[in-house]
Amino acid sequence: MTQPVSPPRYDSGKAPATARPQAWRTLAARADVRTLSLLGVLAVLIVIGGVTKPDEFLDTRNLQLVLTQASVIGVVTVGMTFVITSGGIDLSVGAIVALASVWATTVATQEYGFAGILFTALAVGVGCGLVNGVLVAYGGMVPFIATLAMLASARGLALQITDGRTQIVSVDSVLSLGERDAYVLGIPPLVLVFAVVTVIGWLVLNRTTFGRRTVAVGGNAEAARLAGIDVRRQRLYLYLLSGLCCGIAAFLLIILAGSGQNTNGNLYELDAIAAAIIGGTLLSGGRGTITGSVLGVLIFTTITDIFALNNLQSDVQQIAKGAIIVAAVLVQRRTASTT
């Protein structure tokens with residue numbers, strides 16, 4: 001008797017179900033290693049600051065100042081993380097912060113008080129983000145060129161509005177948020193806003209469909225389109241989000257400085273990109289981490305504070321930042337090649 005022949009098996013090309021959880025665990029482990037590494041770097045910097053200038057660096061007011069300064073660029077970095085994760089870039093964030101801050105502190109705007117300043121800062125940020133999003137998503141422009149044009153235009157408009165002068169804020173309800181009486185359990189209001197933006201950003205990127213679409217677009221835009229994702233609309237939303245974060249940062253900067261200047265936000269784009277990169281966000285897109293970006297901001301802000309307390313020149317500080325960025329990119333490439 002002949003034995004029954006079993007039907008041939010075809011390879012579907014899909015990984016076994018048991019392999020998928022293992023892959024996710026591997027990615028999670030790598031993410032934990034990156035986070036722990038950044039925490040280690042931050043801890044080393046704190047030790048260095050404590051050893052070199054123990055009285056000044058570990059003083060409560062200095063630590064509050066570090067967190068406050070990190071809050072402004074930190075909010076911008078959250079928006080930048082989303083854009084970079086999608087495979088884009090936004091070189092205009094610093095200029096948008098400047099434009100929003102000066103537009104929100106004109107005499108005409110200040111007549112509407114706290115609400116007028118806040119609304120104007122947010123509206124200008126979202127408006128600039130809308131222009132960037134339309135040019136990139138529907139105009140087909142390369143993000144680098146579109147946002148570079150916005151950088152030049154926003155800086156020029158900010159200079160035109162101020163005529164090169166500093167615009168002093170006279171609204172007491174805005175200025176009072178920067179005073180120590182407004183601190184909540186010793187935490188400045190700006191830091192609380194930064195914390196809220198960070199938590200919301202983390203939830204959106206990691207726990208919502210919007211976040212998954214952002215990662216999908218950055219990983220492979222064509223595959224995302226074939227999967228039913230409206231890639232152009234998603235990119236528009238991302239630049240709107242980046243503009244909104246710039247508007248929030250502009251309002252925080254107004255509180256911190258008590259004024260609006262056309263030089264505000266200088267080099268914020270480079271600091272935000274650098275913080276996102278060393279935090280683990282891939283510059284080519286497809287992977288982003290809000291936690292890593294925030295740690296990157298804290299690392300750079302701590303380095304700046306240590307250099308300032310030790311009276312070291314700013315050029316040495318910039319060299320140190322550049323070395324950290326190069327090291328982070330090399331680590332990313334090495335990690336990607338072993339994946």
Side-chain angles (χ1 to χ4, degrees), residues 38-39 42 45-46 49 57 59-82 90 93-94 96-98 100-101 104-105 114 117-118 121-122 124-125 169 173-205 241-261 263-276 278-279 281 289-306 308 321:
L38 292 172
L39 287 172
L42 184 59
L45 291 174
I46 293 175
F57 181 79
D59 183 71
T60 301
R61 293 194 176 188
N62 181 65
L63 296 178
Q64 290 173 336
L65 177 62
V66 171
L67 291 176
T68 301
Q69 292 176 339
S71 299
V72 180
I73 185 61
V75 172
V76 175
T77 303
V78 170
M80 181 70 78
T81 300
F82 277 88
D90 191 350
V93 290
I96 294 175
V97 169
S101 68
T105 54
F114 183 97
I117 294 176
L118 175 60
L122 297 181
V124 172
V169 177
S173 56
V174 174
L175 296 175
S176 62
L177 291 177
E179 298 176 356
R180 297 189 64 83
D181 293 339
Y183 288 12
V184 180
L185 299 176
I187 303 175
L190 277 68
V191 179
L192 295 176
V193 173
F194 176 37
V196 171
V197 171
T198 299
V199 172
I200 294 176
W202 186 91
L203 291 173
V204 171
L205 184 59
L241 177 60
S242 179
L244 175 62
C245 289
C246 290
I248 297 173
F251 184 71
L252 297 182
L253 193 56
I254 291 171
I255 296 173
L256 183 62
S259 63
Q261 304 177 52
T263 56
N264 283 342
N266 187 34
L267 297 181
Y268 272 19
E269 57 278 356
L270 299 183
D271 288 341
I273 293 172
I278 71 169
T281 299
T289 163
I290 298 296
T291 302
S293 296
V294 170
L295 289 174
V297 170
L298 293 176
I299 287 173
F300 278 138
T301 309
T302 304
I303 290 175
T304 301
D305 184 64
I306 293 174
K321 284 185 177 181

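What you see is a predicted model, and the numbers here were worked out from it, not measured in a lab. Computation of the quantities below employed the complete heavy-atom set of this structure, encompassing side-chain atoms and omitting hydrogens, waters and symmetry-equivalent molecules.
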Novice: Quick one: pull up CD1 in Ile46 and CG in Leu63 and give me the separation to the nearest 0.5 Å.
Specialist: 8.0 Å

Novice: Would Val294 and Phe194 count as a side-chain contact (heavy atoms from CB on, under 4.5 Å) if you check the C-alpha gap in whole Å, the side-chain angles of each, and the deciding distance to 0.1 Å?
Specialist: CA-CA 10 Å; Val294 170; Phe194 176 37; 3.9 Å; yes

Novice: Check whether any side-chain N or O of Asn62 sits under 3.5 Å from a backbone N or O of Phe57 as a donor-acceptor pair, and report yes or no.
Specialist: yes

Novice: Please step through side-chain contact (heavy atoms from CB on, under 4.5 Å) for the pair Ile303 and Ile299, ending with a clear verdict.
Specialist: CA-CA 6 Å; Ile303 290 175; Ile299 287 173; 4.0 Å; yes

Novice: Would you call Ile96 and Tyr268 a side-chain contact if the rule is heavy atoms closer than 4.5 Å?
Specialist: no

Novice: Is there a side-chain contact (heavy atoms from CB on, under 4.5 Å) between Val75 and Phe251 once you walk through the steps?
Specialist: CA-CA 11 Å; Val75 172; Phe251 184 71; over 6 Å; no

Novice: So, applying side-chain hydrogen bond (donor to acceptor under 3.5 Å, both in side chains) with Ser293, which one of Thr198, Thr77, Thr81 is it?
Specialist: Thr81

Novice: Per the side chain to side chain contact (heavy atoms under 4.5 Å, CB included) rule, which among Thr304, Val297, Ile73 passes with Asp271?
Specialist: Ile73

Novice: Taking all heavy atoms of Gly201 and all of Phe82, pick out the closest pair and write down the distance.
Specialist: O-CZ, 3.4 Å

Novice: Once you round to the nearest 0.5 Å, how far does CD1 of Ile248 lie from CG of Leu253?
Specialist: 13.5 Å

Novice: Does CZ in Arg61 sit with more than 12 non-hydrogen atoms of other residues, nucleotides or ligands closer than 6.0 Å?
Specialist: no

Novice: Which heavy atom of Ala182 sits nearest to which heavy atom of Ser176, and what is that distance?
Specialist: CB-O, 3.4 Å

Novice: Taking side chain to side chain contact (heavy atoms under 4.5 Å, CB included) as the criterion, tell me which of Leu45, Ile278, Leu295 meets it with Phe300.
Specialist: Ile278

Novice: Measuring from atom CG of Leu67 to atom OG1 of Thr301, what distance do you get when rounded to the nearest 0.5 angstrom?
Specialist: 8.5 Å

Novice: Could you measure the distance from the OG1 atom of Thr68 to the CD1 atom of Ile187? Nearest 0.5 Å is fine.
Specialist: 10.5 Å

Novice: Identify the heavy atoms of Met80 and Ile273 that sit nearest to each other, and give their distance.
Specialist: CE-CG1, 3.8 Å

Novice: I need the minimum non-hydrogen distance between Ala250 and Ser101, along with the two atoms involved.
Specialist: CB-N, 3.9 Å

Novice: State the CD-CD1 distance between Glu179 and Ile255, to the nearest 0.5 angstrom.
Specialist: 11.5 Å

Novice: Let's go through Cys246 and Val97 carefully: what are the C-alpha distance in whole Å and the side-chain angles of both, what is the deciding distance for side-chain contact (heavy atoms from CB on, under 4.5 Å) to 0.1 Å, and is it a yes or a no?
Specialist: CA-CA 5 Å; Cys246 290; Val97 169; 4.0 Å; yes

Novice: Check Ala100 against Ala121 and note the closest heavy-atom contact, atom names and distance.
Specialist: CB-O, 3.7 Å

Novice: Rounded to the nearest 0.5 Å, what's the gap from CZ on Phe114 to CG on Leu177? Could you check?
Specialist: 5.5 Å

Novice: Quick one: closest heavy-atom pair of Gly265 and Glu269, and the distance?
Specialist: O-OE1, 4.2 Å

